[in-house]
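The following block contains the structure, expressed as structure tokens.
Quick note: residue numbers are just sequence positions, from 1.
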Amino acid sequence: MEFADILGRILFTALIAVIYIAILSMFVRRLLGVTVGWGRIIVAGLIGLGAEVSFESRFVWRDPSAGLALLPVQIGIVFIVATLFLVLAELVLPSGTIMRPDQWIASLRSRFSRTRRYAEVTRIALSHGILPAKRPSTTSTPEAIAERTANGKSLRLALQESGVAFVKFGQVLSTRAELLPAEYITELSKLQQAVPPAPWDQVREVLESGLGEDIESAFAEFDHEPFAAASIGQVHKARLHTGEMVAVKVQRPGIIPVVERDLDITIRMAKTLERSTDWGRSLGIVQIAESFADSLREELDYEVEAMNIAALRTTQLRHPDSERVEIPQHYPEFSGQRVLVMQMVSGATLSAPGTIEGLSTEQRTKQAAALFRSMMHQIMDDGIFHADLHPGNIVVQPDGSIMLLDFGSVGRLDSELRSLVAEVLLAFYRGDSRAIGDALLEMATLPEDFNEDMLRRELSRFVSRYMGPGADVKAEVFTMLVALLAKHRIAIPGELAGSFRAVAVLEGTLRQLDPDFDLITEARAYGKARAKDTFRPSSLREALNNEALSLLPVLKRIPRRLDAITGDLEAGRLGINMRLLAHPQDRKMVRSMLHEAILTFLAGVTGIMATILLVSNGGPQVTESLTLYQLFGYTLVIFATIFALRVVFDIFRRRRGE
């Protein structure tokens, strides 16, 4: 055989193989409704061909008279076996689960690093006795209280030793009084991480990379020794060429890969706990971990913090002078994702020894009220608020004014949520449990079997117990309220829960600043003041103007629509059009069920017909051992099998929630 003939046959075979794989790919993707990778298609095609060759060697090669008669059966075998393989592969290992070969080395390195870190975190947890994990006791006996205190301390020490991401996670949990007992909250509130400053050579590299120029070109002076070092960044003192003293916040070198690795481990551990423990599922620990991961990633981006600073500086200008806190200025021309340059703040934080003790009682009371009212304005009027006002983020300046620090954690509320929060606050002021329930139910997503009467009764008892006369009310009422809603499987928006947590953090700070500070009393006074402002002539006029402006487009459309209705009525064309299954999810579910019912019916009918034909000996003899009716029966078996595979695949995919 000549070389040209061999090459021609190879090219012809390759062309046939490409056409076969393309047809198989289109068939499977159409049948299963999912995109299957070429690697799986090729493997499935080879398996299908192998099954067909096995069938051919047993039935076709032994009977030369079979010829083209068995061709439909042979093609059907190829597609059945290939489809069966792909269905099983998609159910066991969905597409995208297995990485491409070019990603294997990087994946192995990442897996090795994660496994080593996971082993280290597990060793720390075991050494502090927090594994195996168990739900904290809820009894009030002295032994149970002592046990919770010891376990809370062990958890704090383990998180502190595990690194930055775990410390931050513990700090988030310390604000969730509805999730953990008070003893745990007390211990987690002490979480701090003593971190030595990074070497100057590495810091300089990060700094100049972020600035895009040499330090000497950007600053007239720069102190190489940081005056503050935290787990994510450190702060240096510097002076611009224009003479202003500034604080330069630099991200710690190499912190992003470390945090991402620990966040991955945190989420994996949360999924394990939620899957394997009842208390993990009841706490919704995966959602907490994922929300925390998103928040921490924002903290790693100093451009987000710079935007937060600009937004808070703008909104603070609208506050009354007596209720305003200062926000440091930042310099966007020197700032980026890993470097943030702000004005140098003079004074001391509330967490510094002696700061609170150096203030008079009158100053403490005045500053506590200003902080609280500023937070209320931020949440209810501005829609953007500082979500982490612990004592270390509040500075008392030499003139007695307050300045805020660290704007990596900032919450936002849209106008609708702000109005609902205002309704809740006014209801708190009146002690009106029904109004509280109305506002909360309007902002929440309700389950199908929700019992509204039971919730309202529990809300009434809650208000009477925790907000009635003589009650020692603390900010925990907000988190307890969230827990009450969670008991009824009602999830309030995450932004609203964030505002509740922000108030809870601030309440702890205010009690340190002024031990006699009563948050609910202040909230009621603030709500009363807002209610009075609402009924001022200027406020009423502004509200009427806003409503009129919003109604104006509707009013302009009314005459045209009335004319259309009266015209249809006069012509006898007036009718009512009602659309069933208006929601897209309802239509999708009905289509899916109808599709599966039709396929199941077809599979059953073709299966019965195939059985009848296979057991029949009638019809012309196609081969020595096969009649035409039996050939039709085998063909129908192919169709019945394909229909059944699609139904089975849809059922299992729906169970997985896809």
For Pro328 against Ile309, the heavy-atom pair lying closest together: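 Looking at all heavy atoms of both residues, the shortest contact is O-CG2, 3.2 Å.
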
Between Glu216 and Arg204, does any side-chain N to carboxylate O distance fall below 4.0 Å?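 A salt bridge is present here (some side-chain N lies under 4.0 Å from a carboxylate O).
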
Do you know which two heavy atoms are closest between Pro515 and Arg364, and how far apart they sit?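 Heavy-atom minimum between the residues: CD-NH1, 4.3 Å.
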
Can you tell if the side chain of Pro253 reaches within under 4.5 Å of the side chain of Glu205, non-hydrogen atoms only?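 Not in contact.
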
Pairwise side-chain contact, Asn308 with Arg412, heavy-atom cut-off 4.5 Å (strictly under):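 A side-chain contact exists here, since the closest heavy-atom pair is under 4.5 Å.
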
Can a donor-acceptor pair be found, under 3.5 Å and without considering hydrogens, that links the side chain of His236 to the backbone of Asp223?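 Answer holds: yes.
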
For Ala150, all residues meeting side chain to side chain contact (heavy atoms under 4.5 Å, CB included), sequence neighbours excluded: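 With neighbours one apart ignored, the set is empty.
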
Does any non-hydrogen side-chain atom of Arg418 lie less than 4.5 Å from one of Met380?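 Contact flag for Met380/Arg418 side chains = no.
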
Should the pair Trp200 and His224 be assigned to parallel (<30°), tilted (30 to 60°) or perpendicular (>60°) ring geometry?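 Ring orientation of Trp200 relative to His224: parallel.
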
Just by distance, with hydrogens left out, do Ser374 and Gln378 show a side-chain donor and acceptor under 3.5 Å apart?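 Gln378 and Ser374 do have a side-chain donor-acceptor pair below 3.5 Å.
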
Considering only heavy atoms from C-beta outward, does the side chain of Leu126 approach that of Thr122 to under 4.5 Å?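 Sidechains of Thr122 and Leu126: in contact.
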
Would you check if Gln316 and Arg313 make a side-chain contact, meaning some heavy-atom pair closer than 4.5 Å?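 No. Closest side-chain heavy atoms not under 4.5 Å.
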
Would you say Gln343 and Met403 make side-chain contact, with heavy atoms under 4.5 Å?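 Yes, at least one pair of side-chain atoms sits under 4.5 Å.
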
Output yes when Glu221 and Lys237 qualify as a salt bridge under the 4.0 Å nitrogen-oxygen rule, no when they do not.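 Salt bridge flag = no for Lys237 with Glu221.
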
Which heavy atom in Tyr331 sits nearest to a heavy atom in Leu240, and how many Å separate them?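 Answer, listing the atom of Tyr331 first, then Leu240: CE2-CD1, 3.8 Å.
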
State, yes or no, whether a side-chain contact exists between Val246 and Phe334 at a heavy-atom distance under 4.5 Å.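 Contact flag for Val246/Phe334 side chains = no.
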
Nearest atoms (heavy-atom pairs only) where Thr355 meets Leu359: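 Result for this residue pair: O-CG, 3.5 Å.
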
For His128, run the side chain to side chain donor-acceptor pair (under 3.5 Å) check against Arg156, Arg123, Gln160, Glu161 and tell me which one passes.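 For His128, the side chain to side chain donor-acceptor pair (under 3.5 Å) test succeeds with only one of Arg156, Arg123, Gln160, Glu161, which is Glu161.
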
Judged by atom type as modelled, is there a donor-acceptor pair below 3.5 Å linking the side chain of Ser162 to the main-chain atoms of Ala158?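 Checking the backbone N and O of Ala158 against the side chain of Ser162, a donor-acceptor pair under 3.5 Å is found.
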
With distance as the sole criterion, is a donor-acceptor pair present between the side chains of Asp382 and His319 under 3.5 Å?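 There is such a pair between these side chains.
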
Has Gln234 got a side-chain atom pairing as donor or acceptor with Arg252's backbone, closer than 3.5 angstrom?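 No; zero donor-acceptor contacts below 3.5 Å.
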
Within-4.5 Å side-chain heavy-atom neighbours: Thr315 and Leu312: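 Side-chain contact under 4.5 Å: yes.
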
Less than 4.0 Å between a side-chain N and a carboxylate O, is that true for Arg261 and Asp264?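 Salt bridge absent between Asp264 and Arg261.
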
